[in-house]
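Here is how names work: the chains are called A, B, and so on, in the same order as the sequence lines, proteins then strands, and each is numbered from 1.
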Amino acid sequence: MLDLDKKNHPILQSLNDAQQQAVAAPNAHRLVLAGAGSGKTRVLVHRIAWLMAEHNISPYGILSVTFTNKAAQEMKLRIEKLRGMPIHGMWVGTFHGLAHRLLRAHHEAAKLPETFQIIDSDDQLRLIKRLMRDTGIDDNKWPPKQVQLFINHCKEEGRRGQHLSGADHYNDIMRQIYISYEAICMRSGLVDFSELLLRSLELLQQNEDIRAHYQQRFSHVLVDEFQDTNTIQYLWLQALCGANSIMMAVGDDDQSIYSWRGAKIENMQRFTRDFSGCETIRLEQNYRSTQTILTAANAVISQNTGRLGKELWTQDGSGDPISLYSAFSEQDEAYYIVSCIKEMLSNAFQYQEMAVLYRSNAQSRVIEERLLESRIPYRIYGGQKFFDRQEIKDALAYLRLIANRNDDAAFERIVNTPTRGIGNTTVMKIRHLSKEQDLSLWETANILIQQSLLSARAQNSLQQFMQLINHLACHTQSATLADQTEFVLKHSLLLDHYKKDRSEKGLSRVENLEELLTAVDQFNLSDSDSDDINTPLSDFLSHVALETGEQQSSEHSDCVSLMTLHAAKGLEFPVVFIVGLEEGLFPHKMSTDQPDGLEEERRLCYVGMTRAMKRLFLSHAESRRMYGSEQFNNPSRFIEEIPSALITNVRAKAKVARPNAYRRSAAPLVHRAKNRYTNQEAGVPGLNLGDRVTHQKFGAGTILNYEGSGDSTRIQVAFDNHGAKWLIASFANLTRSSVG
DNA sequence: CCCCCAATTATTTTT
DNA sequence: TAATTGGGGG
């Protein structure tokens with residue numbers, strides 16, 4: 001506990017006890033177990049302010065690491081806001097961004113050319129494919145995607161090609177490809193994402209003076225989302241922390257949902273072991289959700305084993321119960337969601353306060369269709385990033401080649417884009433010689449031309465291409481970035497190339513290229529880290545590679561958000577719908593066979609539930625069209641893990657509340673559903689699934705399901721006024737009624 | 001070089 | 001089912 005006068009310190013005043021303990025922790029390592037909505041960013045920001053104010057730490061001595069650019073940006077902003085002035089010299093950024101910074105500053109010691117550029121996973125895959133073709137490795141037998149995973153996995157574990165044993169045929173092939181891949185990247189001055197981290201770790205490991213410099217500089221290292229760190233990131237942090245550095249790791253083991261991407265929850269325990277004197281602080285008071293939502297989420301996550309342990313609570317009230325809807329089908333589910341959205345809207349919630357979360361992207365479609373139909377504005381998070389689009393990458397490849405002629409990935413991409421008569425034969429020739437001579441494609445192309453080793457046609461085309469690049473380069477040397485880009489777009493004929501495509505796709509590609517000009521322009525204005533000595537062009541290229549660029553521009557309009565549960569991490573919404581809570585879908589069947597997989601699914605559910613502030617709607621569908629066939633999934637086990645007292649089953653209510661609107665809009669689909677059921681008797685002659693029936697006591701309802709046969713047949717009926725019930729068919733005495 | 005058809009295959013994704 | 005990918009033909 002802190003002394004009273006400390007508690008009244010302006011930086012600590014607004015914080016709860018646990019938060020204060022974290023913020024004002026003495027000079028010792030701390031693991032902060034920060035539950036969802038417990039104010040972890042707040043703690044980090046206040047901690048930094050505290051260190052500067054009370055420990056007299058200069059911004060220069062602080063290193064603050066996050067995973068996403070968005071988080072880094074927010075951190076920076078909030079620190080500046082709290083201090084009331086811009087911060088200089090503090091390293092606040094993503095793992096990759098900071099690693100990049102280290103490599104730029106010490107490219108020589110890192111054995112990288114000054115002009116090195118970053119490639120994304122797409123470029124990486126292309127390089128691997130090309131290399132496999134060159135070395136004659138069958139890409140049917142060894143899928144390039146798998147090779148890519150292998151390489152990245154190695155790098156994430158800190159292993160180089162030389163370190164590998166090649167124990168069996170598989171490992172032998174993989175090692176071979178990995179080694180040639182490393183060679184190509186070196187020769188082309190290219191660095192992939194995992195390489196940024198591994199290379200900068202090696203830089204620190206192999207250069208005592210550099211390591212000592214940073215260890216001395218950073219007296220405090222703070223890390224956000226620590227549960228998402230992988231092995232190399234852990235080692236990287238460790239390398240930056242000297243004997244006198246203090247580290248604060250903030251994370252939540254219950255929100256670890258990226259183990260499939262290499263994240264190691266074990267790093268949390270490892271941290272408390274490796275960093276001596278480390279104590280754990282728990283932030284369990286939640287400032288986001290109602291107690292009902294928290295109790296439900298706590299109950300679900302408590303099913304997991306090996307947790308560090310934590311229970312969320314709130315000072316606020318219990319709030320509304322959680323709604324559960326059992327839909328007939330995914331269509332029905334979508335109608336229900338839309339009807340709830342309308343209801344919430346009339347309950348004074350705005351569209352932008354609502355989010356629909358699903359396990360897999362494919363689920364968004366039905367919901368989109370219904371939203372579109374109801375003219376409800378929505379926005380889908382995730383999906384293709386601006387700078388990942390084909391046409392944008394083409395344009396960037398021109399810029400990259402201008403910046404660095406040895407960039408093989410860029411060369412390969414645009415040597416014949418737009419088509420200029422440099423076919424496969426020519427490119428193959430360049431590749432072969434390039435491999436033989438260990439020169440870049442550009443250098444090789446030069447040799448081929450000088451020695452006239454190509455057909456006259458090819459020679460001519462290639463020469464023109466290279467002249468074009470040189471021409472673009474020297475004509476834009478002194479121009480601004482925006483002018484440079486515009487010049488390139490025009491003279492490369494890339495814009496014309498896409499303008500020829502009159503389809504919708506082509507149209508949007510042209511639009512995107514035009515948007516690129518805007519992006520370039522904005523970059524000039526806002527500018528990046530201005531503390532390196534690079535050209536604006538190379539600055540821009542690094543920026544683009546590391547910051548994938550957010551969604552479209554419609555950010556500020558009032559829209560319902562649609563996204564995967566993964567994408568929802570870190571966000572919050574007053575009203576949250578979690579749909580498709582079915583066995584096989586969520587938990588996904590790909591992860592149900594191993595216990596680890598199932599627990600991660602459960603954490604995902606926990607993440608989803610804790611996004612909700614006021615209202616949480618859960619739903620599952622009894623039948624769902626998946627991969628072209630009808631699946632009958634059981635309700636997700638996660639539903640059962642929620643105490644039933646917290647849940648209201650709303651199936652009947654929803655139908656009664658809006659019988660007309662509901663029925664009318666649903667009509668065509670009910671019809672379609674009925675067609676599917678036509679030959680499927682509900683275990684009783686004359687009754688089919690989907691039929692409308694009447695019961696003496698319960699009134700009208702719809703047949704949902706049945707089980708068993710003969711006298712013991714049970715039928716599930718959704719009664720309009722009494723919810724869903726299982727009835728013994730032989731006693732129920734149901735009569736068919738016509739569909740309204 | 002482009003177009004069409006058959007085959008394949010369906011989590012989650014940041015940097 | 002539907003979307004993407006690869007191979008073959010024009």
Side-chain angles (χ1 to χ4, degrees), chain A residues 65-72 93-101 118-125 129 139-140 143-145 148-149 152 155-156 191-198 200 224-225 228-230 232-233 236 255-263 330 357-366 381-385 387-388 416-425 497 500-501 542-550 563-570 580 582 584-593 597-598 600-601 603-605 607-608 624-631 676:
Chain A
V65 194
T66 62
F67 273 86
T68 64
N69 293 302
K70 203 174 150 200
T94 63
F95 279 101
H96 296 268
L98 297 170
H100 174 235
R101 203 152 161 179
I118 302 163
I119 52 168
D120 64 19
S121 27
D122 198 61
D123 299 323
Q124 185 186 35
L125 188 62
K129 275 187 186 157
D139 59 0
N140 281 318
K145 279 235 172 69
Q148 185 183 26
L149 278 173
N152 287 334
K155 290 192 182 188
E156 275 155 23
V191 170
D192 63 45
F193 289 135
S194 4
E195 183 73 23
L196 284 169
L197 287 160
L198 178 53
S200 57
D224 194 10
E225 304 279 18
D228 287 339
T229 51
N230 60 29
I232 203 83
Q233 286 160 338
W236 190 87
Q255 292 189 71
S256 164
I257 55 174
Y258 286 115
S259 73
W260 51 275
R261 212 159 75 177
E330 79 278 8
L357 312 182
Y358 35 80
R359 176 65 237 261
S360 66
N361 289 305
Q363 290 170 257
S364 73
R365 241 195 53 190
V366 252
Y381 276 67
Q384 224 198 0
K385 297 290 189 317
F387 289 116
D388 286 344
N416 202 29
T417 312
T419 48
R420 49 172 72 85
I422 304 173
N424 217 267
T425 334
H497 169 71
K500 269 189 258 164
D501 184 352
S542 303
H543 170 84
V544 156
L546 287 173
E547 275 184 58
T548 48
E550 273 306 297
M563 70 190 87
T564 63
L565 287 145
H566 282 92
K569 193 169 85 150
E582 293 141 44
L585 182 60
F586 188 33
H588 198 278
K589 69 170 179 307
M590 302 292 240
S591 17
T592 32
D593 38 359
L598 188 82
E600 181 145 317
E601 295 285 303
R603 291 193 289 268
L604 193 54
C605 183
V607 166
R624 180 180 297 274
R625 222 171 165 66
M626 283 172 92
Y627 315 135
S629 67
E630 201 77 4
Q631 313 264 356
R676 282 203 306 273

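Nucleotide B:dT15 holds its P atom 12 Å from the NE2 atom of A:His543, rounded to whole Å. Here the C1' atom of nucleotide B:dT15 and the CH2 atom of A:Trp236 are 13 Å apart, to the nearest Å. If you take NE2 of A:His566 and P of B:dT13, they are 7 Å apart, rounded to a whole angstrom. The CZ atom of A:Arg603 sits 13 Å away from the C1' atom of B:dT12 (whole-angstrom rounding). What separates NE2 of A:His588 from C1' of B:dT9 is a distance of 13 Å, to the nearest Å. Rounded to whole Å, the distance from CZ on A:Phe387 to C1' on B:dT14 is 16 Å. A straight line from CD of A:Glu195 to P of B:dT14 spans 22 Å, rounded to a whole angstrom. Taking atom CE on A:Met626 and atom P on C:dA2, their separation rounds to 15 Å, with Å as the unit.
Taking CG from A:Asp123 and CD1 from A:Ile118, the interatomic distance works out to 11.0 Å, rounded to the nearest 0.5 Å.
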What's the verdict on side-chain contact (heavy atoms from CB on, under 4.5 Å) for A:Phe193 and A:Leu546, showing C-alpha distance, side-chain angles and the deciding distance? CA-CA 9 Å; A:Phe193 289 135; A:Leu546 287 173; 4.2 Å; yes
Go through the steps to decide whether A:Leu585 and A:Gln363 satisfy the test side-chain contact (heavy atoms from CB on, under 4.5 Å), and finish with yes or no. CA-CA 10 Å; A:Leu585 182 60; A:Gln363 290 170 257; 3.5 Å; yes
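Minimum atom distance to the side chain of A:Asn416 is reached by B:dC1, of the listed B:dC1, B:dT13, B:dT11. Out of B:dT12, B:dT13, B:dT15, the shortest distance to the side chain of A:Arg359 is found at B:dT12. Checking B:dC1, B:dT13, B:dT12 against the side-chain heavy atoms of A:Ser360 singles out B:dT12 as nearest.
A:Arg624 pairs in a side-chain hydrogen bond (donor to acceptor under 3.5 Å, both in side chains) with only one of the listed residues (A:Glu330, A:Gln631, A:Glu582), which is A:Glu582.
Backbone-only contact: A:Asn361 has heavy atoms under 4.0 Å from sugar-phosphate atoms and none from a base.
Using a 4.0 Å cut-off between a side-chain N of Lys or Arg and a carboxylate O of Asp or Glu, A:Asp228 and A:Lys569 qualify as a salt bridge.
Across the P atoms, C:dA3 and B:dT12 are found 15 Å apart, a figure rounded to whole Å. The P atoms of C:dT4 and B:dT11 are separated by 13 Å, rounded to the nearest whole Å.
Side-chain N/O atoms of A:Arg625 and base N/O atoms of C:dT1 include no donor-acceptor pair closer than 3.5 Å.
Summary of the strand contacts: A:Leu196 and A:Gly421 both lie near DNA chain B, and taking for each the nucleotide with the nearest heavy atom, the more 5' one is attributed to A:Gly421. The nearest heavy atom of DNA chain B to A:Trp260 and to A:Thr94 marks one nucleotide each, and the one closer to the 5' end goes with A:Trp260.
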